[in-house]
Peer 1: 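Please read through the structure below; I'll follow up with questions.
Read the numbers this way: they start at 1 and go in the same order the structure lists the ligands and their atoms.
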Amino acid sequence: MTQRQRLDKFLAHMRFGTRREVKTLVRAGRVTINGKVATSSDLSLCPDRDVVAVDGQPVKYQEYFYLMLNKPAGYLTATKDRLAPTVLDLVPEEWRVKDLAPVGRLDKDTEGLLLLTTDGPLTHRLLSPTWETPKTYFLRIDGEPTDEELKTLACGVVLDDGYRTRPAEVKLLTTGPEWELVLTICEGKFHQVKRMLQAVGKQVTYLQRRSMGTLSLDPGLALGECRPLTAEEINGLKGR
Ligand code: URA
């Protein structure tokens with residue numbers, strides 16, 4: 001059950017503007033609560049029970065916000081940086097809500113699926129080693145991998161710092177001249193995919209994340225575009 005909230009806080013949270021802008025909406029008589037015109041922006045309401053509408057359109061309360069971004073190369077996975085553009089720069093202004101942050105990290109030159117959310121508990125769970133969230137990557141490498149190397153990648157490979165990776169799924173897609181693989185790992189060490197390939201003497205020339213847990217990159221999302229997650233996608237990530 002969500003705590004009671006003031007109308008202005010509720011509407012500001014639901015991206016109807018600043019508290020001041022929301023006050024103007026209320027004063028103009030454009031906001032109703034359970035069908036009655038709201039007379040003041042400091043009215044208290046229950047987000048789960050009361051129906052708030054703006055210009056006759058009901059506003060469905062959402063505690064957290066979730067965006068899927070198709071990250072292009074050249075952007076840092078950070079919320080701000082003094083020098084380089086960040087993934088937050090790709091989020092349209094109206095979706096750039098307070099506390100929106102990327103879940104995990106893709107390298108500057110990596111493309112593909114990046115989840116951004118305000119949901120701290122979900123972020124924690126998706127990144128926690130205990131939950132072993134699978135992440136699938138598409139990659140190109142600079143030479144032909146032998147069957148032995150593919151087996152090593154799948155069984156566990158020793159990285160440059162001595163860490164042995166957990167079992168992974170590896171599938172070779174092509175037979176040259178461009179060597180393409182799909183790799184699924186259930187952990188997230190720093191530069192893990194590139195270091196795994198390095199450990200078998202290969203260099204990654206292109207890297208794209210295709211999925212994280214139950215969430216898959218929307219093929220309709222162009223590089224640099226983002227969209228809110230559907231209710232089904234959110235429920236999937238939460239294991240509902
Ligand atoms: N592994 C890498 O090496 N880089 C990424 O961006 C993601 C996983």
Side-chain angles (χ1 to χ4, degrees), residues 67-81 83-91 100-117 122-143 145 149-174 178-219 221-226 237:
L67 290 176
M68 173 192 296
L69 170 71
N70 186 359
K71 179 193 174 297
Y75 287 80
L76 284 184
T77 306
T79 49
K80 52 174 174 272
D81 189 82
L83 302 173
T86 74
V87 290
L88 255 287
D89 295 324
L90 294 163
V91 176
L100 186 72
V103 178
R105 173 170 189 287
L106 291 179
D107 296 338
K108 193 173 175 187
D109 58 354
T110 301
E111 297 189 337
L113 175 67
L114 188 66
L115 170 66
L116 296 128
T117 184
L122 179 68
T123 299
H124 185 262
R125 182 141 62 84
L126 289 173
L127 299 181
S128 158
T130 319
W131 285 82
E132 299 186 355
T133 304
K135 281 152 290 208
T136 299
Y137 295 88
F138 166 83
L139 49 144
R140 286 197 193 102
I141 55 175
D142 64 348
E149 285 164 353
L150 292 174
K151 215 183 277 169
T152 307
L153 286 169
C155 293
V157 67
V158 179
L159 301 183
D160 46 10
D161 57 0
Y163 176 78
R164 178 180 284 278
T165 59
R166 297 207 209 138
E169 266 177 46
V170 194
K171 196 166 154 213
L172 182 63
L173 296 181
T174 53
E178 290 214 295
W179 302 95
E180 296 179 345
L181 305 175
V182 172
L183 177 66
T184 302
I185 56 175
C186 295
E187 49 190 345
K189 301 284 171 211
F190 188 59
H191 298 320
Q192 178 157 344
V193 175
K194 291 175 186 164
R195 288 164 67 214
M196 283 174 76
L197 271 295
Q198 213 172 51
V200 294
K202 298 289 179 289
Q203 210 188 323
V204 173
T205 56
Y206 175 76
L207 184 57
Q208 180 201 42
R209 182 155 64 195
R210 295 224 166 137
S211 70
M212 183 180 204
T214 55
L215 188 65
S216 294
L217 180 63
D218 181 342
L221 213 51
L223 268 179
E225 274 183 1
C226 63
L237 284 175

Peer 1: For H191, take its heavy atoms, then give the atoms of ligand 1 lying under 4.0 Å from any of them.
Peer 2: 1 (N), 2 (C), 3 (O)
Peer 1: Just let me know how L207 lines up against ligand 1, side chain, backbone, both or neither, with a heavy-atom cut-off below 4.0 Å.
Peer 2: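 The side chain, only.
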Peer 1: Is it the side chain, the backbone, both or neither of T110 that has a heavy atom closer than 4.0 Å to ligand 1?
Peer 2: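 Within the 4.0 Å criterion, T110 contacts ligand 1 through side-chain atoms alone.
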Peer 1: Got a salt bridge between D107 and R105, using NZ or NE/NH1/NH2 to carboxylate O under 4.0 Å?
Peer 2: yes
Peer 1: Can you name the atoms of ligand 1, numbered from 1 with element, that are less than 4.0 Å from a heavy atom of Q192?
Peer 2: 1 (N), 2 (C), 3 (O)
Peer 1: Would you mind listing which atoms of ligand 1 come within a distance below 4.0 Å of any non-hydrogen atom of V193?
Peer 2: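 Every atom of ligand 1 under 4.0 Å from some heavy atom of V193: 1 (N), 2 (C), 3 (O), 8 (C).
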Peer 1: What donor-acceptor contacts under 3.5 angstrom involve side-chain atoms of residues 163-170, with partners at least two apart or in another chain?
Peer 2:
from, atom 1, to, atom 2, distance (Å)
Y163, OH, E187, OE1, 2.4
R164, NH1, G156, O, 3.1
T165, OG1, V157, N, 2.9
T165, OG1, V157, O, 3.4
R166, NH1, E132, OE2, 3.0

Peer 1: Is the shortest distance from a Lys or Arg side-chain nitrogen in K194 or D109 to a carboxylate oxygen in the other one below 4.0 Å?
Peer 2: yes
Peer 1: When you check the gap from the basic side-chain N to the acidic O, do D161 and K189 get nearer than 4.0 Å?
Peer 2: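 A salt bridge is absent here (no side-chain N lies under 4.0 Å from a carboxylate O).
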Peer 1: Can you tell if the side chain of L116 reaches within under 4.5 Å of the side chain of V103, non-hydrogen atoms only?
Peer 2: no
Peer 1: Could you list which atoms of ligand 1 come closer than 4.0 Å to a heavy atom of Y137?
Peer 2: 7 (C), 8 (C)
Peer 1: Whether the side chain of N70 engages the backbone of E225 through a donor-acceptor N/O pair (distance < 3.5 Å, no angle test) should be reported.
Peer 2: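 No, N70 side chain to E225 backbone: no donor-acceptor pair under 3.5 Å.
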Peer 1: Tell me: protein heavy atom nearest atom 4 (N) of ligand 1, and distance?
Peer 2: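 I find the closest protein heavy atom is D107 OD2, 2.7 Å.
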Peer 1: I'd like to know if F190 contacts ligand 1, where contact means a heavy-atom distance under 4.0 Å to any ligand atom.
Peer 2: no
